[in-house]
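Everything on this sheet refers to the single structure shown next.
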Amino acid sequence: VRLLLLFCSVSPFAWAADDYTGKRVYYVASYHQGYPWSDTILKTMQDIFADKGIIFEHFEMDGKRNPSVEHNEYAALQAKANIEQFHPDLLIVSDDNATKYLVEPYFNGNLPVIFCGVNRDVSAYHFNTKTITGMIEVELLDRIVHNLKEYAHGNRIGFIGMDGYTERQFPDYAHSLFDIELDKTYFVKN
């Protein structure tokens, strides 16, 4: 996270080298307060931006506890309205929900955006690469399978995950990148 935020401060988005006074940054978390990944990102930004004169606001989409398309589309519209009222110089988003439901349809080219934690591949989002950059999150699935072989009594592998946007992509990801066929796949609500 600190590396990502360091990148923000030295990015090609034309910010003066040392004077951030009055710059406006808006952060949208895909998930909710209390989710450790999002909380760590938020706290790090607050700590780094606090003494730089940066005006900072944030919004949580709550997409982990409410994974439906309808909820995420509504949350993205709320975030969009907040962003348009705030007029940020930079938008930072974390995870796939904010990327899919907010950045791609509404901020793909008209505002500098940095994403973090987008899972596996961003090519599906068709980003304007002149204004959007970030960090992709990958599973080291080939290493996991290699390490599990020492303890396994066969060659079958399964997956259990939350019934959400990111997790539903996992079986295709496992097959396309690592040629791994999952024997069983379960998506759970809680």
Side-chain angles (χ1 to χ4, degrees), residues 1 3-4 7 27-42 44 58-80 91-109 113-129 131-190:
V1 173
L3 180 61
L4 174 69
F7 177 78
Y27 166 57
V28 177
S30 290
Y31 306 136
H32 56 280
Q33 186 175 12
Y35 189 71
W37 165 254
S38 300
D39 288 354
T40 300
I41 294 170
L42 175 61
T44 302
H58 71 282
F59 179 85
E60 286 101 10
M61 290 180 59
D62 199 13
K64 186 67 83 174
R65 295 183 300 193
N66 299 290
S68 73
V69 171
E70 296 79 16
H71 171 82
N72 282 285
E73 287 174 344
Y74 178 72
L77 286 173
Q78 288 180 302
K80 178 181 179 281
L91 173 61
I92 300 174
V93 299
S94 61
D95 299 288
D96 289 88
N97 297 32
T99 304
K100 176 181 174 61
Y101 295 105
L102 177 67
V103 174
E104 184 182 30
Y106 304 118
F107 297 104
N108 195 356
V113 175
I114 297 177
F115 62 84
C116 59
V118 170
N119 289 274
R120 304 171 195 109
D121 184 11
V122 295
S123 65
Y125 299 120
H126 310 289
F127 284 152
N128 177 340
T129 57
T131 59
I132 300 176
T133 191
M135 176 186 72
I136 299 169
E137 181 178 329
V138 296
E139 291 98 351
L140 302 175
L141 192 56
D142 55 337
R143 297 301 312 154
I144 293 170
V145 169
H146 173 79
N147 291 339
L148 287 175
K149 284 183 179 179
E150 181 179 338
Y151 306 102
H153 297 290
N155 61 357
R156 295 178 302 138
I157 186 167
F159 175 75
I160 184 169
M162 185 191 129
D163 189 8
Y165 174 73
T166 301
E167 291 79 2
R168 288 243 172 230
Q169 297 174 25
F170 185 81
D172 290 337
Y173 166 76
H175 178 71
S176 65
L177 259 56
F178 299 105
D179 198 29
I180 295 172
E181 293 292 334
L182 300 174
D183 187 59
K184 299 272 186 187
T185 304
Y186 300 98
F187 298 103
V188 297
K189 300 279 185 204
N190 63 39

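- The pair Glu73-Lys80 does not meet the salt-bridge criterion, since no charged nitrogen lies less than 4.0 angstrom from a carboxylate oxygen.
- Side-chain contact between Pro67 and Met162 is present, with heavy atoms from C-beta onward closer than 4.5 Å.
- Across every non-hydrogen atom of Ser94 and Tyr27, the tightest pair is OG-OH, 2.7 Å.
- Put simply, the side chain of Thr131 does not reach to within 4.5 Å of the side chain of Phe107, judged on heavy atoms.
- Between the CZ atom in Arg65 and the OH atom in Tyr35 there is a gap of 12.0 Å [rounded to 0.5 Å].
- The backbone N or O of Ile114 lies less than 3.5 Å from no partner atom in the side chain of Thr133, so there is not a single donor-acceptor pair.
- For the atom pair CG (Asp62) and OG (Ser30), the distance works out to 10.5 Å, reported to the nearest 0.5 Å.
- In this structure the side chain of Tyr74 never reaches within 4.5 angstrom of the side chain of Ser68, judged on heavy atoms.
- Atom NE2 of His126 is separated from atom CD of Glu104 by 6.5 Å, given to the nearest 0.5 angstrom.
- Across Thr40 and Thr44, no two heavy atoms sit closer than the pair O-OG1, 2.8 Å.
- Atoms CG and CZ, from Leu102 and Phe59 in turn, are 9.0 Å apart once rounded to the nearest 0.5 Å.
- Here the side chain of Asp39 pairs no donor or acceptor atom with the backbone of Gln33 at under 3.5 angstrom.
- Contact detail for Ile132 and Gly109: the closest heavy-atom pair is CD1-N, 4.4 Å.
- Within the structure, every pair that satisfies the salt bridge (charged side-chain N to carboxylate O under 4.0 Å, His left out) test and touches residues 146-164, not counting sequence neighbours, is listed here: Arg156-Asp183, Asp163-Arg168, Asp163-Lys189.
- The closest donor-acceptor contact from the side chain of His71 to the backbone of Met61 lies under 3.5 Å.
- Residues Tyr106 and Leu77 come closest through the heavy atom pair OH-CD2, 3.2 Å.
- Nearest heavy-atom pair across Pro171 and Leu182 is CA-CD1, 3.8 Å.
- Under the 3.5 Å distance criterion, the side-chain polar atoms of Asn97 are left unmatched by any main-chain donor or acceptor of Asn72.
- The closest side-chain donor-acceptor pair between Tyr125 and Asp96 falls under 3.5 angstrom.
- Between atom NE2 of residue His58 and atom CD1 of residue Ile41 there is a gap of 12.0 Å, rounded to the nearest 0.5 Å.
- Closest approach of Trp37 and Glu137 over heavy atoms only: CZ2-OE1, 4.4 Å.
- Note: Phe127 and Phe115 meet the aromatic proximity criterion, with ring centroids under 6.0 Å apart.
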